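Everything below concerns the one structure shown next.
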Amino acid sequence: MIVPLFPLPNVVLFPKTPMPLYIFEERYRTMVGEVIAGNGELVIALLQGGPELSYSGLDAVHDVACLGKIETYEELEDGKYNIVVVGIHRVRIVREIQHSPYRMVEVERIEGPAMEERSAEAVERQNHLGGLFAKFTELATGVAQQALELMPQLDFESLVNMVAMTLNLSIEQKQALLEIDDPLERCDDLIPILQQQLETL
């Protein structure tokens with residue numbers, strides 16, 4: 001699969017989660033315009049070593065990234081865009097196909113282990129993580145209902161990824177979570193972090 005690459009210094013997109021982005025740089029305005037005219041898909045990858053590194057060369061981005069789809073967009077008067085990208089699935093970047101005006105890459109889908117959503121293991125973890133996250137959201141925002149209303153609508157992986165996106169983690173921690181194949185393992189890594197952040201709040 002060949003898709004446009006959007007390398008970012010401080011964003012990790014997870015599958016099944018939305019990410020609002022403001023597009024102002026000329027080459028990425030061109031890219032977004034062409035993506036919207038096409039199938040809406042692009043790959044968001046984290047730059048290695050932060051924003052001071054150059055964008056050139058595939059070694060400048062982490063090879064595990066997330067394929068996303070532009071769900072909504074607003075074109076601003078000056079040609080810039082506000083977009084919301086929703087993660088579809090994790091991908092590995094195989095090679096670069098073109099470099100200009102923006103980068104196109106070949107990616108392959110990363111398949112995690114097959115998981116039974118309603119298995120006792122998944123349900124138990126979902127309830128535990130969901131309860132902690134509802135408390136966290138209530139303490140962080142002062143609004144009790146918001147997270148609880150959302151919980152039943154989310155499947156296990158969506159909940160795990162939403163927590164990973166929402167928590168105050170370093171960008172390296174988020175990338176490490178994205179690289180974990182098994183959502184159960186990702187959940188197990190998140191629970192102690194969430195408990196610690198709850199204690200802080």
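All residue numbers in this chain count up from 1 along the given sequence. What you see is a predicted model, and the numbers here were worked out from it, not measured in a lab.
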For the [atom1] atom of [X] and the [atom2] atom of [Y], what is their distance to the nearest 0.5 Å?
{"X": "Leu184", "Y": "Glu157", "atom1": "CG", "atom2": "CD", "answer": "10.0 Å"}
{"X": "Glu108", "Y": "Leu67", "atom1": "CD", "atom2": "CG", "answer": "13.0 Å"}
{"X": "Phe6", "Y": "Leu21", "atom1": "CZ", "atom2": "CG", "answer": "6.0 Å"}
{"X": "Phe133", "Y": "Leu198", "atom1": "CZ", "atom2": "CG", "answer": "10.5 Å"}
{"X": "Arg186", "Y": "Glu179", "atom1": "CZ", "atom2": "CD", "answer": "10.5 Å"}
{"X": "Tyr22", "Y": "Leu76", "atom1": "OH", "atom2": "CG", "answer": "6.5 Å"}

Shortest non-hydrogen separation from [X] to [Y] and the atoms involved:
{"X": "Glu71", "Y": "Val86", "value": "CG-CG2, 3.2 Å"}
{"X": "Leu13", "Y": "Cys66", "value": "O-CB, 3.1 Å"}
{"X": "Ile23", "Y": "Arg29", "value": "CG2-N, 3.7 Å"}
{"X": "Phe156", "Y": "Cys187", "value": "CZ-CB, 3.8 Å"}
{"X": "Pro183", "Y": "Asp181", "value": "CD-O, 3.5 Å"}
{"X": "Gly79", "Y": "Glu75", "value": "CA-OE2, 4.5 Å"}

Val84 reachable from Ile70 in the ILVMFWY side-chain graph, under 4.5 Å edges =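 Different clusters.
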Same cluster or not: are Leu139 and Phe136 linked, directly or through other Ile, Leu, Val, Met, Phe, Trp or Tyr residues, by side-chain heavy atoms under 4.5 angstrom apart? yes
May I ask you to decide if [Y]'s main-chain N or O and [X]'s side chain share a donor-acceptor pair within less than 3.5 Å?
{"X": "Thr30", "Y": "Glu26", "result": "yes"}
{"X": "Arg90", "Y": "Leu178", "result": "yes"}
{"X": "Arg109", "Y": "Val91", "result": "no"}
{"X": "Gln195", "Y": "Leu132", "result": "no"}
{"X": "Arg103", "Y": "Leu5", "result": "no"}
{"X": "Asn161", "Y": "Pro15", "result": "yes"}

In chain order, what residues pass the salt bridge (charged side-chain N to carboxylate O under 4.0 Å, His left out) check against [X], with sequence neighbours excluded?
{"X": "Lys69", "result": "none"}
{"X": "Glu199", "result": "none"}
{"X": "Asp188", "result": "Arg125"}

Can you list, pair by pair, the side-chain donor-acceptor contacts under 3.5 Å of residues 34-47, counting residues two or more places apart and other chains?
residue : atom : partner : partner atom : Å
Glu34   : OE1  : Tyr102  : OH           : 2.5
Asn39   : OD1  : Glu41   : N            : 2.9

Residue set satisfying side-chain hydrogen bond (donor to acceptor under 3.5 Å, both in side chains) with Asn82, at least two apart, ordered chain then number -> Glu74
Taking the side chain as every heavy atom from C-beta outward, state whether [X] and [Y] have any atom pair closer than 4.5 Å.
{"X": "Val64", "Y": "Arg92", "result": "yes"}
{"X": "Leu129", "Y": "Ile191", "result": "yes"}
{"X": "Leu177", "Y": "Phe14", "result": "yes"}

Problem set entry | Tyr73 atom OH: more than 12 heavy-atom contacts under 6.0 Å |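 No.
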Which of Ile93, Ile97, Val3 passes side-chain contact (heavy atoms from CB on, under 4.5 Å) with Glu106? It is Ile97
Under 3.5 Å, which donor-acceptor pairs do the side chains of residues 163-171 form with other protein atoms, sequence neighbours left out?
residue : atom : partner : partner atom : Å
Thr166  : OG1  : Met162  : O            : 2.6
Ser170  : OG   : Gln173  : N            : 3.1
Ser170  : OG   : Gln173  : OE1          : 3.4

